[in-house]
Protein chains: 2
Amino acid sequence: MALSIAELIADRIDTMPASERRAAQTLIASYPMIGLKTVADFSMQAGVSSPTILRFVSRLGFQNYPEFQSALQDELAAQLQSPLSRTASPSSHGRGEASPMLEATLENIRETFRHVSEKQMREIVMLLSNPRAKTFLIGGRFTDPVARYMAAHLTIIRPNVFHLTGQESNWRDQLIDMGKRDVLLIFDIRRYQDSLVRFAEKAHQRGVQIVLFTDQWLSPIARFARHVIAGRTAVPSPWDSSSALFVVAEALIGEITRELEAESARRIREMEDLR
Amino acid sequence: MALSIAELIADRIDTMPASERRAAQTLIASYPMIGLKTVADFSMQAGVSSPTILRFVSRLGFQNYPEFQSALQDELAAQLQSPLSRTASPSSHGRGEASPMLEATLENIRETFRHVSEKQMREIVMLLSNPRAKTFLIGGRFTDPVARYMAAHLTIIRPNVFHLTGQESNWRDQLIDMGKRDVLLIFDIRRYQDSLVRFAEKAHQRGVQIVLFTDQWLSPIARFARHVIAGRTAVPSPWDSSSALFVVAEALIGEITRELEAESARRIREMEDLR
DNA sequence: GAGGCGCCGTATCGTATGTTACGTATTTTG
DNA sequence: CAAAATACGTAACATACGATACGGCGCCTC
């Protein structure tokens, strides 16, 4: 990666004229917040004129002020996504660090849960805890196994759970049985599948309540969804990670099971009898 | 203390109309970066119109968009200055801790990796990176989705990957094609399935190399297995957790992909051409 | 099935913002 | 010390940004 803007400034600050240097120091002092405000704010804070600010960012190599701001934002975003501080592991354990893949995954899971409110969880649990409303599950190329995993559990604790499998035309035939009270749980991460989007749209038109598990960039299906879980998927690997979504799915399964405890206990007993 | 904007959103998101909710979710998904950009950027990202964004921030209680942005920036600034006190819980857990379910899962994952040696990982990677040796995958009632997940990826990067599905008699018929060079990857956690054990034994007799993903109490299949990954599965939930095994699976997928990079790159290109 | 209500996007408007031209001040150089 | 070059701010400008008015559409109610 190229130098951070802070480094860039440190690098060139002594080639700058006095006023621009003041701008630089002002930015460094409260890095990077003042750079996200307007040129006027920046100039006022630094005690110089607007054009000086613009000449300053120009000297840093940016074509214009918005470009400079975008760079700052990108830097911030990267910084927020990888809180390096968390290494905490006692290095006495022979192996100093765990694999970056593992760390990234753990952080993804944490971050994903951070963005899911309890209320949201509860509402989804409620939605999926109504045994009289049919629940359909489906996923994309790589995420369908997660849908299957959820379906495998839900099927046990309540009736009316259906995992949609096979060809697209097959799903569509199931639409006829979906109504306003029913729930469709979709897993869709990049690259989002057209077939799923089409299906979600049709279901939405029938009034089906859609719960979407997607990545942080949100599948277009979010448009039709009543609830959206946005999981972090970025890992140092050629593939995106579905681990965070998997863990969320497990958490949901647990809570739904508790919610249905009374009713499902009898059901499970009956099932075992049937063997 | 005033509520953070993320909390504010979680609080009111269900009183919002569909489009505004979409804006809210988009913001939460990549919090808070998109909120620092222009209304046009924000609206485009969320797939709604500019006025919807403005109505959204208005509903949050801000007089205008710049005021909203300033609030976001203030929050960011506070967060950056005290990197330790990352506002951790938008979910007002009262106790200020994340859910026990989440913590247990994270700990399980860590612990699982701690017990997997690097050499073991490398050997499994090697075993699964030989495209000329057939690789069969199968799992139990709840773990088969994880097997499917792995199969979905492996199928893309190399030939001769088969997920064993359907009835037990069906698997057995596949035995005929398994030999000493081939690999059978089995997922089996409590309660261990007899059918899997039987199958593993038969495969073992044919000299098939078995890689077993199980829980910390080890499925009886461990007896036949060349490599055993023992994942932690205990969580405060009525069910056991497969998250740790899932993460290990993902880690393996990543490393195998890298291992086969050269060969699989061409394969993937060919595949995309076939669409 | 008709009427009413709320949601949401299109199009338009005013303005705040970044940008540029230019003139004055300051420093540098021979 | 004079003259040139550079630095810097004032002021005018254009763009793009946020804000708003309006109309259509879907949804619920009766």
Side-chain angles (χ1 to χ4, degrees), chain A residues 5 9 12-27 32-73 179-182 200-210 220 222-226, chain B residues 5 12-27 32-73:
Chain A
I5 296 178
I9 292 172
R12 308 196 183 174
I13 193 169
D14 22 72
T15 74
M16 293 180 189
S19 282
E20 292 183 33
R21 194 172 307 168
R22 276 187 79 182
Q25 277 158 349
T26 306
L27 176 58
M33 298 316 297
I34 189 63
L36 299 178
K37 300 203 188 287
T38 68
V39 172
D41 288 342
F42 194 168
S43 69
M44 199 159 306
Q45 181 92 10
V48 299
S49 68
S50 309
T52 299
I53 299 298
L54 295 176
R55 282 188 285 262
F56 163 65
V57 303
S58 157
R59 192 182 302 261
L60 290 178
F62 298 99
Q63 291 297 324
N64 49 32
Y65 195 71
E67 184 181 303
F68 162 72
Q69 286 191 317
S70 289
L72 275 181
Q73 289 186 6
K180 288 203 187 93
R181 303 181 47 86
D182 301 328
E201 183 168 10
K202 295 223 179 63
H204 175 67
Q205 282 165 4
R206 292 188 60 90
V208 178
Q209 313 227 50
I210 296 182
R223 193 191 163 81
F224 313 119
R226 178 94 181 70
Chain B
I5 295 179
R12 309 196 183 175
I13 192 168
D14 25 72
T15 74
M16 294 181 188
S19 281
E20 292 181 33
R21 191 173 310 158
R22 192 152 183 235
Q25 273 153 354
T26 307
L27 176 58
M33 297 317 293
I34 188 65
L36 299 178
K37 302 207 188 288
T38 69
V39 171
D41 287 341
F42 193 166
S43 69
M44 199 159 303
Q45 179 94 12
V48 299
S49 68
S50 314
T52 298
I53 300 298
L54 296 175
R55 281 187 286 261
F56 163 67
V57 304
S58 157
R59 191 180 302 261
L60 291 179
F62 298 99
Q63 292 297 327
N64 48 34
Y65 195 72
E67 184 181 305
F68 162 73
Q69 286 190 317
S70 291
L72 275 181
Q73 288 184 7

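Protein chains get the first letters and strands the later ones, always in sequence-line order, with residue 1 at the start of each.
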Quiz item: Would you say the side chain of I53(B) lies within less than 4.5 Å of the side chain of Y65(B), judging by non-hydrogen atoms?
Solution: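 Yes; the side chains approach each other to less than 4.5 Å.
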Nearest whole angstrom, please: distance from the [atom2] of [N] to the [atom1] of [X].
| X | N | atom1 | atom2 | value |
| --- | --- | --- | --- | --- |
| R55(A) | dC22(C) | CZ | P | 15 Å |
| F62(B) | dA19(D) | CZ | P | 13 Å |
| R206(A) | dC27(D) | CZ | P | 14 Å |
| M44(B) | dG9(C) | CE | C1' | 14 Å |
| K37(A) | dA16(C) | NZ | P | 17 Å |
| R59(A) | dT6(D) | CZ | C1' | 10 Å |
| L54(A) | dG9(D) | CG | P | 12 Å |
| D41(A) | dA16(C) | CG | C1' | 11 Å |

Quiz item: If you round to the nearest 0.5 Å, how far is NZ of K37(B) from CG of L36(A)?
Solution: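 The distance works out to 10.0 Å.
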Self-check item: Toward the 5' end of DNA chain C, by each residue's nearest nucleotide, T15(B) or S50(B)
Solution: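 Checking each residue's closest nucleotide, the 5'-ward one belongs to T15(B).
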Quiz item: With distance as the sole test, does S43(B) use its side chain to make a donor-acceptor pair with the main-chain N or O of V39(B) at under 3.5 Å?
Solution: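 A pair under 3.5 Å: yes.
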Quiz item: Taking only residues two or more places apart in sequence, or in another chain, which ones meet F62(A) in a ring pair (Phe, Tyr, Trp, His ring centres under 6.0 Å)?
Solution: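 Once residues adjacent in sequence are excluded, the partners of F62(A) under the ring pair (Phe, Tyr, Trp, His ring centres under 6.0 Å) criterion are F68(A).
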Quiz prompt | Closest-nucleotide 5' rank along DNA chain D - winner of P51(B) and K180(A) | solution =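 Per heavy-atom nearest nucleotide, the more 5' residue is P51(B).
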Nucleotide nearest [X] (side chain, heavy atoms from C-beta), chosen from [options]:
| X | options | result |
| --- | --- | --- |
| T38(B) | dG18(C), dG18(D), dG9(D) | dG18(D) |
| T52(B) | dG18(C), dA19(D), dC8(C) | dC8(C) |
| S49(A) | dG9(C), dG9(D), dG18(D) | dG9(D) |

Exercise. Tell me, yes or no, whether the heavy-atom count around R223(A) atom CZ, taken from other residues, nucleotides or ligands under 6.0 Å, exceeds 12.
Key: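 Counting neighbours around CZ of R223(A), 12 or fewer heavy atoms of other residues, nucleotides or ligands fall under 6.0 Å, so no.
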Quiz prompt | Heavy atoms from other residues, nucleotides or ligands near CZ of R181(A) exceed 12 (cutoff 6.0 Å) | solution =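 Atom CZ in R181(A) is not packed in, count stays at 12 or less.
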Practice problem: Could you identify which residues of residues 16-24 of chain A place a heavy atom less than 4.0 Å from some atom of DNA chain C, listed by residue number, or say none? | Solution: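 Within residues 16-24 of chain A, no residue comes under 4.0 Å of DNA chain C.
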Quiz item: What are the two closest heavy atoms between P17(B) and R59(B), and how far apart are they?
Solution: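 In terms of heavy atoms, the two residues are closest at CD-NH2, 3.4 Å.
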